[in-house]
Amino acid sequence: ALRQHIGADLTAVHVQQLHHVVEAVVTVPADQVTLLTSSGPTPLQQACIQAVRLLCLEQKQPEPSTCLLKSLFELLFKLTSYCTGMPNLPEPHSKEQCHASVLFGEEMWRMASELYLAVFQRTPVLESNVFLSLLKALHIPLACKYSCSEQSSWQLALQIFLDSVPIGLEVLRQRSVTDSEPVFETLLQILEDFLFPASDPPTTLSAEDRSVHESLDVKVVELIRSELL
């Protein structure tokens, strides 16, 4: 309701300010009853997710009132950091609070991925090299891999990586981008850190999960063969 009243007055500065607001709200500790009875983000975090989702929906429109894609992607990539860490989360924080914040970060990843797949060909996305920013953000959970507090985080990041890389590389080829070296340097670093992780698999990993992880490694190797060799 608020968005329709603001209209074209919403600017990149407002999106940048939104990051500070969301960060402050996300780190507000929820009461223990809420955390123990909920399997997802806290109510305040859910409200933040809805606010960011509305921005994403508006920017997916063919002709948004104001193009905020560059700033919106910057916001999303910052908020995905909750997948692998707890920036500014007050001490002490409970295991449930950490879990809720990780799920919040994963939801930011889903929105970032959906937005990129919807707008990757638009000029502001190409000119601001969002693909490289996406790779740099993905590098963090993919390098952490088994050290992520939730194993779902790196698996989600990997799926986004597998979905985005063929598209991003195809755009580079179509545009004949000469300064593509940073993209390939980042890609190679991601692949090395993911396939040869510094952390070991959990000792509690089941045979079924181990098989799933091996199949994911195979998908990465297939991506290397099809897109990079």
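In this chain, numbering begins with 1 at the start of the sequence shown.
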For this session: Tell me, yes or no, whether the heavy-atom count around Q50 atom CD, taken from other residues, nucleotides or ligands under 6.0 Å, exceeds 12.
Result: yes
Ion pair [X]/[Y], N-O distance below 4.0 Å:
X    : Y    : result
K219 : E222 : no
K70  : E74  : yes
E170 : R175 : no

For this session: Kindly compute the distance separating OG (S164) from CG (L117), expressed to the nearest 0.5 Å.
Result: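 So the gap between those two atoms works out to 5.0 Å.
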Exercise. Can you tell me how far the CD1 atom of I140 sits from the CG atom of D193, to the nearest 0.5 Å?
Worked result: 11.5 Å
Exercise. Do the side chains of E185 and Q189 get nearer than 4.5 Å, heavy atoms only?
Worked result: no
Problem set entry | Test applied, side chain to side chain contact (heavy atoms under 4.5 Å, CB included); reference residue, L69; option that passes from Q59, E127, K60 |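 The residue from Q59, E127, K60 that satisfies side chain to side chain contact (heavy atoms under 4.5 Å, CB included) with L69 turns out to be Q59.
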Exercise. Going by the angle between their ring planes, with limits at 30° and 60°, are W154 and H213 parallel, tilted or perpendicular?
Worked result: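 W154 vs H213 ring planes: perpendicular.
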Exercise. Any link between L188 and F161 through a network of hydrophobic side chains (Ile, Leu, Val, Met, Phe, Trp, Tyr) touching at under 4.5 Å?
Worked result: no
For this session: Please name the pair of heavy atoms, one in P201 and one in L205, separated by the smallest distance, quoted to 0.1 Å.
Result: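 Scanning both residues, the minimum pair turns out to be CB-CD2, 3.9 Å.
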For this session: Go through the steps to decide whether E150 and H99 satisfy the test side chain to side chain donor-acceptor pair (under 3.5 Å), and finish with yes or no.
Result: CA-CA 8 Å; E150 301 285 345; H99 177 70; 2.7 Å; yes
For this session: Compute both the distance and the angle, then confirm whether K145 meets the cation-pi test with F194: under 6.0 Å from the six-membered ring centre, within 45 degrees of the axis.
Result: yes
For this session: Mind running salt bridge (Lys or Arg N to Asp or Glu O under 4.0 Å) on E58 and R53 for me, showing each step along the way?
Result: CA-CA 9 Å; E58 200 273 339; R53 180 177 289 118; over 6 Å; no
